[in-house]
2 protein chains.
Amino acid sequence: MPSERGDLREPAIGGVSTSQLRLLTKVARMYHEHGMRQPQIAEQLHISQPRVSRLLKQATALGIVRTTVITPAGVHAELEEEIERRFGLRDVVVADTGHSSPGEQSALKAIGAAAAVYLETTLTGGDRIGISSWSSTLLATVDAMRPRPNPVADQVVQVIGGVGSSTSQIYATRLADRLAILTGAKAIFLPAPGLATSSAAREVLVTDPHISDVMATYGSLTMLLAGLGSLEPSPLLMESGNAIADTDQDALRKLGAVGDICLRFFDEHGEVVKSALDERVLGIDTDTLRSIPRVVGIAGGTRKYTAIRAALRGGWLDVLVTDLDVARCLAVEPAP
Amino acid sequence: MPSERGDLREPAIGGVSTSQLRLLTKVARMYHEHGMRQPQIAEQLHISQPRVSRLLKQATALGIVRTTVITPAGVHAELEEEIERRFGLRDVVVADTGHSSPGEQSALKAIGAAAAVYLETTLTGGDRIGISSWSSTLLATVDAMRPRPNPVADQVVQVIGGVGSSTSQIYATRLADRLAILTGAKAIFLPAPGLATSSAAREVLVTDPHISDVMATYGSLTMLLAGLGSLEPSPLLMESGNAIADTDQDALRKLGAVGDICLRFFDEHGEVVKSALDERVLGIDTDTLRSIPRVVGIAGGTRKYTAIRAALRGGWLDVLVTDLDVARCLAVEPAP
DNA sequence: AGGATACCTGAATGAGTATTCAACACTGGT
DNA sequence: ACCAGTGTTGAATACTCATTCAGGTATCCT
């Protein structure tokens with residue numbers, strides 16, 4: 001039988017006779033519109049229940065029954081799926097920032113709120129959460145979370161030391177502390193600077209049991225909450241006393257670094273950028289980080305776009321929470 | 001006595017927050033469009049299976065997920081042919097509404113689904129589609145359409161301004177937007193009210209390039225998707241803030257008008273009814289409208305019967321999508 | 001405050017549905 | 001006639017999903 005390409009014929013769809021179509025529609029109506037159960041329909045029409053099931057399946061296949069999902073305004077399901085698909089993520093949350101201008105303050109709040117909701121709905125207990133620190137986005141997230149009556153996580157572990165002055169070290173600690181309180185988890189702090197003055201200094205510090213004990217827990221984390229760093233100047237970093245010296249930053253840029261997670265830097269393809277800095281970082285190492293089952297990246301703003309894209313390309317994240325603008329850009333990126 | 005309850009659920013919020021809507025939509029898409037099983041979804045989103053089940057139920061209740069049973073073409077072939085013959089139409093699609101009572105909700109869905117199928121099978125690419133707005137029937141149509149993988153139309157153009165409050169203007173815009181997304185076409189909006197407050201006001205508005213540029217495209221449309229207005233009170237129109245003032249309506253009735261397409265009114269013979277209103281309408285004009293090669297009227301319900309019959313008599317339409325009740329009446333009408 | 005109500009949750013479970021499987025019926029070819 | 005091949009059927013069953021239930025929390029009302 002020569003197969004016809006043109007499908008503009010008058011009667012009978014898909015090689016099904018009109019009388020069968022009648023039966024199909026009848027059954028479909030009974031089931032979907034009148035809410036009858038299959039055995040009921042079977043009895044009434046004197047056919048077997050499996051037959052009803054098959055008819056319904058066929059009706060769906062032929063398009064007689066169609067189910068549509070309508071995306072409500074202000075929700076960006078397609079966008080989220082597109083990004084998930086492109087970069088192989090488990091989940092993407094797009095915060096609707098409305099028409100916020102470059103003044104990132106409201107975007108920050110929106111991302112924080114979205115991330116907070118994400119955490120509240122997906123933290124069900126038993127997680128050991130790592131949290132990278134001193135990120136204003138993470139701060140916004142924690143600020144937006146509501147305290148849970150009963151524990152929804154076991155541990156909250158600080159995966160990177162405090163950075164800069166002792167003031168911002170407290171800052172870092174407070175973030176972990178707040179999250180621990182909100183989730184009812186035990187907080188585990190890393191009482192150390194994030195960046196030792198030299199690799200030798202780092203060696204000395206990691207022999208301290210207070211520090212090595214904490215770092216030993218990194219391997220058993222089930223989740224990591226990570227801010228993304230970009231190598232653009234960030235207001236908070238600046239204010240907190242130059243986390244990374246300008247010279248270091250320049251060196252990293254020369255090596256092609258565009259961003260970092262927990263001070264582990266990567267280039268625009270998401271490839272690790274090794275540098276002298278690595279030997280001075282007191283925090284989770286790259287391999288351990290990448291072995292965490294659920295890494296949640298929370299970041300937005302066009303300033304961080306390059307870093308976000310790189311992190312996705314490199315497969316650093318499993319879940320991304322970001323804003324609408326960034327999401328729109330990501331959705332049109334070529335796949336990694 | 002309007003038995004229809006809140007039909008203006010465009011904000012789609014039944015006391016549900018946006019973040020919840022987001023989750024609902026996401027789950028709904030995973031289940032219905034990607035065919036994932038509930039446990040799978042639960043695992044990926046870190047929620048429990050019962051929760052997925054409940055979310056899906058809620059999504060259905062809120063109308064985010066809707067299931068329709070359509071009558072396959074050809075089941076009412078004789079009826080369709082009869083109407084085509086009598087009124088010289090190119091195509092007629094009769095939606096079987098089952099035994100639905102005056103409560104027009106299910107009839108609306110059936111017509112919408114039938115129209116959706118018609119569009120899906122006859123849009124093959126290259127069309128420039130005009131769409132009249134704020135019609136609940138058109139809304140139902142767009143809702144029932146399934147996204148096509150590749151573009152099947154070039155443009156979707158809004159041929160009449162928004163009507164009523166700013167809320168329902170968005171309504172109008174979204175209709176065009178959704179259709180554009182579904183067909184992969186470029187959306188062109190008419191950023192204006194459908195009815196200016198005076199003919200002078202209209203003159204001012206049409207000098208705006210944002211508006212005149214859009215209106216300039218009307219001449220090259222290859223297809224028009226039109227709802228039919230009747231001069232009976234329509235629930236949607238009423239709720240959306242009295243599109244047409246009562247006084248205007250009375251005047252039109254006195255002139256013999258029984259219905260309209262894109263606010264161009266006609267009497268029971270389908271003859272144009274000129275009135276002062278014409279000078280205030282921001283939308284496609286009668287001549288341009290009637291020169292469009294394929295005008296598809298989508299309307300049903302006995303409330304609109306007179307208007308539908310008049311439109312057919314006047315030759316306003318090339319294609320009609322309607323319900324079984326109206327079709328039966330039309331089939332026994334004397335030819336125009 | 002206290003207490004009652006309404007609500008939400010996940011584990012367990014029962015309801016409802018899809019699929020397997022063996023039997024059977026129909027083709028068309030030898 | 002006979003027999004692959006193909007398709008259809010219903011009984012049994014494996015599967016998926018919706019609901020119950022118990023335990024808990026917010027909120028309102030006294």
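Source: prediction; values computed, not measured. In what follows, chains are A, B, ... by sequence order, proteins preceding strands, each numbered from 1.
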Problem set entry | Residue B:Gln40 excluded, over 12 heavy atoms near CD under 6.0 Å | yes
For this session: Using a cut-off of strictly less than 4.0 Å, decide whether A:Lys57 has a side-chain nitrogen or oxygen near OP1 or OP2 of C:dT19.
Result: yes
Problem set entry | Residue B:Gln38, side-chain heavy atoms: nucleotide from C:dA12, C:dA18, D:dC17 that is nearest | D:dC17
Exercise. Mind checking whether B:Gln44 and B:Met30 have side chains closer than 4.5 Å, heavy atoms only?
Worked result: yes
Exercise. The side chain of B:Gln49 lies closest to which of these nucleotides: C:dT19, C:dA12, D:dG10?
Worked result: C:dA12
Seminar exercise, completed: Quick note, B:Pro50 side chain, CB onward, closest among C:dA11, C:dT17, C:dT9 is C:dA11
Exercise. Given atom CD of A:Gln20 and atom C1' of D:dT9, what is their separation to the nearest angstrom?
Worked result: 14 Å
For this session: Take atom NE2 of B:His46 and atom P of C:dG10, then tell me their distance rounded to the nearest Å.
Result: 13 Å
Problem set entry | Donor-acceptor pair, side chain of A:Thr222 and main chain of A:Arg128, under 3.5 angstrom | yes
Exercise. What's the CZ-P distance between B:Arg37 and C:dT17, to the nearest Å?
Worked result: 14 Å
For this session: Write down the distance between CG (B:Leu56) and P (D:dT16), rounded to a whole number of angstrom.
Result: 15 Å
For this session: Measure the distance from OH on B:Tyr31 to P on D:dT16 and round it to the nearest whole Å.
Result: 10 Å
For this session: Show your working on side chain to side chain donor-acceptor pair (under 3.5 Å) between A:Thr71 and A:Glu78 and close with a plain yes or no.
Result: CA-CA 8 Å; A:Thr71 308; A:Glu78 291 89 353; 3.0 Å; yes
Problem set entry | Protein-nucleotide distance (B:Gln40, atom CD; D:dC15, atom P), rounded to Å | 15 Å
Exercise. What nucleotide among D:dG10, C:dT17, C:dG10 has an atom nearest to a side-chain atom of A:Arg54?
Worked result: D:dG10
Exercise. Rounded to the Å, how far apart are B:Leu55 CG and C:dC8 P?
Worked result: 11 Å
Seminar exercise, completed: Whole-Å distance, B:Met36 CE to D:dC17 P, equals 11 Å
